[in-house]
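One structure below.
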Amino acid sequence: MAARLVFVQPRQFSHLSSSWFSPHSSLLASSVSDFNGASLNFSVKNKRKVWQSKGTLQVRSSNEKKILIMGGTRFIGVFLSRLLVKEGHQVTLFTRGKAPITQQLPGESDKEYTDFSSKVLHLKGDRQDFEFVKTSLSAGGFDVVYDINGREAVEVEPILDALPNLEQFIYCSSAGVYKKSDLLPHFETDEVDPKSRHKGKLETESLLDSRGVNWTSIRPVYIYGPLNYNPVEEWFFHRLKAGRPIPIPSSGIQITQLGHVKDLATTFVKVLGHPKASKQVYNISGSKYVTFDGLAKACAKAAGFPEPEIIHYNPKEFDFGKKKAFPFRDQHFFASIEKAARELDWTPEFSLIEGLADSYNLDFGRGTFRKAADFSTDDIILGKSLVLQS
């Protein structure tokens with residue numbers, strides 16, 4: 001099957017029509033009607049010059065790259081692709097084509113969206129079809145690859161085989177690769193766990209290094225923000241909206257860390273062509289750590305709900321089967337972002353409250369979410385708690 005590069009036609013979603021929440025705004029409105037944010041504004045330093053089209057001839061900057069994003073239509077890539085297009089790069093998304101290639105985001109004018117979507121190319125295929133990947137990518141001749149959805153090293157090998165002259169391979173790994181430790185925060189040099197559920201990410205980093213590729217690996221902690229398909233902040237918002245108590249395992253003082261997707265996207269652009277980022281790993285997340293109890297309260301404050309009632313429970317006393325009663329691992333889990341701040345001149349723009357408000361106002365607060373509310377495990381926990389109290 002021959003590869004096809006097609007221009008994506010604009011596809012609009014009428015239910016996404018509000019303004020972006022500015023990371024510098026103090027507004028924490030609980031209702032969409034009270035929300036008046038600023039327009040979409042990613043602050044990226046040292047932006048490359050983008051030359052405008054003149055007639056049928058488009059003059060491009062010498063820094064423009066042909067960039068392939070593996071994935072790019074669900075969450076991280078939605079924001080990353082916009083930044084790269086704004087910087088003047090030619091961006092191609094490699095997906096199976098089962099989801100819309102682009103979608104209009106809150107705050108984007110019709111003109112902005114049409115301009116973005118008309119510049120994005122799509123390569124339809126299954127990355128598990130390794131022969132197709134090698135054939136189609138070698139024909140594309142890409143300079144840079146962003147692998148957002150890769151999980152196993154075997155998925156990356158055909159990409160490297162197809163692009164022997166690749167300038168940079170930028171990989172989305174995970175801070176989940178670190179071995180559980182009593183010494184925190186995690187640094188990039190910490191011991192990793194070859195048996196973790198993210199071992200495929202570790203093996204991919206090792207493959208990239210062994211192949212002599214100019215690579216950069218980003219290890220986020222927990223990612224949150226609009227369009228998040230993992231039930232991170234959404235889990236709390238469902239319970240807050242329903243006015244329910246929030247069940248939190250153990251003491252609730254477990255410390256964790258969240259990083260906003262737009263800050264993550266900015267970092268992905270920062271490492272592009274950065275001399276210090278060659279063959280380096282960077283932890284990326286927010287600048288503050290937070291307890292589980294503190295996160296529940298932060299979600300309430302950001303969305304304009306009253307401070308919630310929190311119920312602590314011993315998870316060892318329950319059998320929830322295959323259901324997950326809480327969206328975070330029941331342990332301290334956070335990482336240092338000092339290396340990225342120092343070497344990339346990067347600082348997260350979103351505080352936790354601002355970022356949660358951004359997510360709520362642009363997503364859940366508008367009635368959009370990925371998973372419907374399921375309080376079945378909550379009811380089990382709360383039922384036993386009421387018996388114990390009585």
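Below, each value reflects all heavy atoms present in this structure, side chains not excepted, and no hydrogens, waters or symmetry copies.
- Ion pair Glu188/Arg219 not flagged as a salt bridge, since none of the NZ, NE, NH1 or NH2 atoms sits closer than 4.0 Å to an Asp/Glu carboxylate oxygen.
- Within the 4.5 Å cutoff, no side-chain heavy atoms of Asn214 are placed close to those of Glu167.
- Just one residue in the list Thr73, Thr92, Thr95 forms a side chain to side chain donor-acceptor pair (under 3.5 Å) with His122, and that residue is Thr95.
- A perpendicular orientation is assigned to the rings of Phe268 and Tyr146, their planes being inclined by more than 60° (bins at 30° and 60°).
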> When you look at Glu233 and Asn228, which way does the side-chain hydrogen bond (donor to acceptor under 3.5 Å, both in side chains) test go after all the steps?
Replying inline: CA-CA 9 Å; Glu233 68 272 38; Asn228 192 2; 3.1 Å; yes
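- Phe116 places none of its side-chain heavy atoms less than 4.5 Å from the side chain of Ser118.
- Using cut-offs of 30° and 60° for the angle between ring planes, the Phe94 and Phe132 rings count as tilted.
- Within the 4.5 Å cutoff, the side chain of Arg211 has heavy atoms near those of the Asp161 side chain.
- Not counting sequence neighbours, Lys98 has no partner by the salt bridge (charged side-chain N to carboxylate O under 4.0 Å, His left out) test.
- Qualifying side chain to side chain donor-acceptor pair (under 3.5 Å) partners for Tyr222, counting only residues two or more places apart in sequence or in other chains: none.
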> Going through the distances and angles, do Asn63 and Glu87 end up as a side-chain hydrogen bond (donor to acceptor under 3.5 Å, both in side chains)?
Replying inline: CA-CA 9 Å; Asn63 288 325; Glu87 290 234 316; over 6 Å; no
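- Note on ring orientation: taking the six-membered ring where Trp is involved, the planes of Trp235 and Phe326 are perpendicular (angle over 60°, cut-offs 30° and 60°).
- Contact check for Ile170 versus Leu272: side-chain heavy atoms found under the 4.5 Å cut-off.
- The existence of a salt bridge linking Arg127 and Asp147 is confirmed by a sub-4.0 Å separation between a basic side-chain nitrogen and an acidic carboxylate oxygen.
- Under the 3.5 Å distance criterion, the side-chain polar atoms of Ser278 are left unmatched by any main-chain donor or acceptor of Pro275.
- Looking only at atom types and distance, the side chain of Glu349 has no donor-acceptor partner in the side chain of Thr266 under 3.5 Å away.
- The closest side-chain donor-acceptor pair between Glu205 and Ser217 falls under 3.5 angstrom.
- Checked by atom type, the side-chain pair Tyr178/Ser196 shows no donor-acceptor distance below 3.5 Å.
- No more than 12 heavy atoms of other residues, nucleotides or ligands lie within 6.0 Å of CZ in Arg96, so this atom counts as exposed by the packing criterion.
- Residues satisfying the salt bridge (charged side-chain N to carboxylate O under 4.0 Å, His left out) criterion with Asp379, sequence neighbours excluded, are Arg244.
- Ring-plane geometry between Phe334 and His332 is classed as perpendicular, the angle between the planes exceeding 60 degrees on a 0 to 90 degree scale with a lower cut at 30.
- A salt bridge links Asp378 with Arg239; the closest basic N to acidic carboxylate O contact falls under 4.0 Å.
- When side chains are defined from C-beta on, Val145 does not count as touching Ile67, because their heavy atoms never get closer than 4.5 Å.
- Ring-plane geometry between Phe236 and Phe328 is classed as tilted, the angle between the planes lying from 30 to 60 degrees on a 0 to 90 degree scale.
- Looking at Glu203 and Val154, their side chains never come closer than 4.5 Å, going by heavy atoms from C-beta outward.
- Using a 4.5 Å cut-off on side-chain heavy atoms (C-beta onward), Ile253 and Phe292 make no contact.
- Residues Glu354 and Ser351 bring a donor and an acceptor atom of their side chains to less than 3.5 Å of each other.
- You'll find the side chain of Asn283 stays beyond 4.5 Å of the side chain of Lys339, heavy atoms only.
- Asp374 and Lys323 are joined by a salt bridge, as a carboxylate oxygen and a charged side-chain nitrogen come within less than 4.0 angstrom of each other.
- A cation-pi arrangement is present between Arg329 and Phe333 under the rule of less than 6.0 angstrom and at most 45 degrees off the ring axis.
- Taking the centre and axis of the six-membered ring of Tyr171, the NZ or CZ atom of Lys201 falls inside the cone set by 45° and 6.0 Å.
- A salt bridge links Glu317 to Lys384: at least one charged side-chain nitrogen sits closer than 4.0 Å to a carboxylate oxygen.
- Geometrically, Arg370 does not engage Tyr229 in a cation-pi contact, judged by NZ or CZ lying under 6.0 Å from the ring centre and within 45° of the ring axis.
- Taking 4.0 Å as the cut-off between side-chain N and carboxylate O, Lys119 and Asp115 count as a salt-bridged pair.
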